[in-house]
S.K.: 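A single structure is presented below for examination.
The shown structure was predicted, so the numbers you read here are calculated from the model rather than taken from an experiment.
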There are 2 protein chains.
Amino acid sequence: MQDTKERIVSLADQLIKTRGYNAFSYKDISDPLEIKNAAIHYHFPTKTDLGIAVIDIEVERFILLSGKWATQPEDKQLKQLFETFNKKNKEGLVCLMGSLSPDYETFPSALQEKVTGMSSTFLNWTSECLEKGREKGLFHFDGDAYDRALLVMTNLLASLLLCRVMGNKVFSRITNQLLKDLNAGK
Amino acid sequence: MQDTKERIVSLADQLIKTRGYNAFSYKDISDPLEIKNAAIHYHFPTKTDLGIAVIDIEVERFILLSGKWATQPEDKQLKQLFETFNKKNKEGLVCLMGSLSPDYETFPSALQEKVTGMSSTFLNWTSECLEKGREKGLFHFDGDAYDRALLVMTNLLASLLLCRVMGNKVFSRITNQLLKDLNAGK
DNA sequence: GTCTATACCTTGATAGAC
DNA sequence: GTCTATCAAGGTATAGAC
């Protein structure tokens, strides 16, 4: 079956977002899927290959999603982004960037580059969204749009991490205030 | 020598902040200190005990430091906090919260509770600092001080993570804009 | 307080049959 | 494409000598 491969990636994705890249093993995948670890190695020769596949799909999915939002006004688009994080939070997951960046130094360079590329994608999208929204008067903030994107992304990323530790309500407190801030200057 | 114990904790602290809790091993400590792993187990029977000791010292150190700042005005105190993060960034480290929170689910409950306690300490301090500073007119921000503390802490925490991935300049971009924001309403 | 020695387990990965 | 079988390496942890 072709979709064994997809199920492997999907489970790896979830494991990375719950336990972290270095804390999950092939057994965590082969057991629930009722296959042997050799089957995983057939589809993904090394763990690095599997990690790369997880990132590729995440980026692919985001590009597809954000493309669908493109017709909406920028403030709605940003809320859609927030909603993707909210969904992860409800499922008890953190985002890939939040999970992978602490382990970054332990990665082979091929995987490191993928993490960097993914981060760029998210930051550039957010930056453009903020900039265009400000031009239309939908957002109000000072300074460079990319700097503002850095602030927003770090809020989102770390809010999921903090929810793990301090409880789920942290997320809505952060995002509600953040959205207010972006319109505050009105 | 009594300070073997201290050197073990210090090295563990650094390893957690560079490679992550689940990615460092007793060998990473015993080799550079030129001791055997049994010596580590003498001081810290389990890896969990070692992790707890690292957190305890971090909190202890913060309480000591922030106590020294207490005579300064709140805007200076906050800048001191930023400076502790800046120092970590220059050393290529992330903060303990940023490193430990993604692995939270893999921890035994004793270690989880320590992580939660540490986060509370940092958040409460920041919240009080912001609140008092606002009363004195040193800060200008909307909403609840604790919510604002959540925003500031997530910015700081994730800025170090993002520096790993996107380069070191990210830190100053984030903190400069953040400090401007807190005074912007003036 | 540190050592040697070792137990025991899990890890990622490979070879070859089917 | 999946299996069985196996590997070498590395992980945490313990017992007992010094």
S.K.: Separation of Asp28(B) atom CG from dT12(D) atom P, in whole Å?
M.R.: 8 Å

S.K.: Which residues satisfy the salt bridge (charged side-chain N to carboxylate O under 4.0 Å, His left out) test with Asp49(B), sequence neighbours excluded?
M.R.: none

S.K.: DNA chain C: Ala38(B) or Lys47(A), which has the more 5' nearest nucleotide?
M.R.: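 Nearest nucleotide further toward 5': that of Ala38(B).
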
S.K.: Using C1' atoms of five pairs at each end, report the bend of the helix from dG1(C)-dC18(D) to dC18(C)-dG1(D) rounded to 10 degrees.
M.R.: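 End-to-end axis angle for the helix from dG1(C)-dC18(D) to dC18(C)-dG1(D): 10°, rounded to 10°.
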
S.K.: Is the shortest side-chain N/O distance from His43(A) to OP1 or OP2 of dT2(D) below 4.0 Å?
M.R.: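 Yes, within the criterion.
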
S.K.: Round to the nearest Å and state the distance from Leu15(A) atom CG to dT11(C) atom C1'.
M.R.: 15 Å

S.K.: Using a 6.0 Å distance limit plus a 45 degree cone around the ring axis, check whether Lys79(B) lies over the aromatic ring of Phe82(B).
M.R.: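 Judged by the rule (NZ or CZ under 6.0 Å from the ring centre, within 45° of its axis), Lys79(B) is not positioned above Phe82(B).
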
S.K.: Measure NE2/His41(A) against P/dT11(C) and give the value in whole Å, please.
M.R.: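 After rounding, the gap between these two atoms is 11 Å.
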
S.K.: A side-chain contact here means heavy atoms from C-beta on lying under 4.5 Å apart; do Glu58(A) and Lys17(A) qualify?
M.R.: yes

S.K.: Under 4.0 Å between a side-chain N/O of Thr4(A) and OP1 or OP2 of dT2(D), yes or no?
M.R.: yes

S.K.: Decide yes or no on side chain to side chain contact (heavy atoms under 4.5 Å, CB included) for Tyr104(A) and Thr116(A), but give the supporting numbers first.
M.R.: CA-CA 10 Å; Tyr104(A) 190 79; Thr116(A) 301; 3.1 Å; yes

S.K.: Identify whether Phe171(B) and Leu93(B) are in the same connected component of the hydrophobic contact network (ILVMFWY, side-chain heavy atoms under 4.5 Å).
M.R.: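 Shared cluster, no.
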
S.K.: Using heavy atoms and a sub-4.0 Å distance, could you list which residues of residues 18-26 of chain A are near DNA chain C? By number, please.
M.R.: Phe24(A), Ser25(A), Tyr26(A)

S.K.: Are any of the side-chain nitrogens in Lys76(A) or Glu83(A) under 4.0 Å away from the carboxylate oxygens of its partner?
M.R.: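 Result for this pair is no, no salt bridge flagged.
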
S.K.: When you measure from the centre of the six-membered ring of Phe44(A), is the NZ or CZ of Lys5(A) under 6.0 Å away and within 45° of the axis?
M.R.: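 Cation-pi check for Lys5(A) and Phe44(A): passes.
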
S.K.: For dT2(D), does OP1 or OP2 lie under 4.0 Å from any side-chain N or O of Tyr42(A)?
M.R.: no

S.K.: Rounding to a whole Å, what distance do you find between Lys36(A):NZ and dA13(C):P?
M.R.: 19 Å

S.K.: A cation-pi test, strictly: NZ or CZ of Lys47(B) under 6.0 Å from the centre of the six-membered ring of Tyr21(B) and no more than 45 degrees from its axis. Yes or no?
M.R.: yes

S.K.: From CD1 of Ile35(A) over to P of dT4(D), roughly how many Å is that when rounded to an integer?
M.R.: 12 Å

S.K.: Whole Å only: how far is the CZ atom of Phe107(B) from the P atom of dT12(D)?
M.R.: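 Value for this atom pair: 13 Å.
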
S.K.: Using atom CD of Glu6(A) as one end and atom C1' of dG1(D) as the other, report the distance to the nearest whole Å.
M.R.: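 Atom-to-atom, Glu6(A) to dG1(D), this comes out as 15 Å.
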
S.K.: Identify whether NZ of Lys or CZ of Arg in Arg134(B) sits under 6.0 Å from the centre of the six-membered ring of Phe141(B) and within 45° of that ring's axis.
M.R.: yes

S.K.: Just the rounded figure in Å: distance from P of dT14(C) to CZ of Phe44(A).
M.R.: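 The distance from CZ of Phe44(A) to P of dT14(C) comes to 15 Å, rounded to the nearest Å.
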
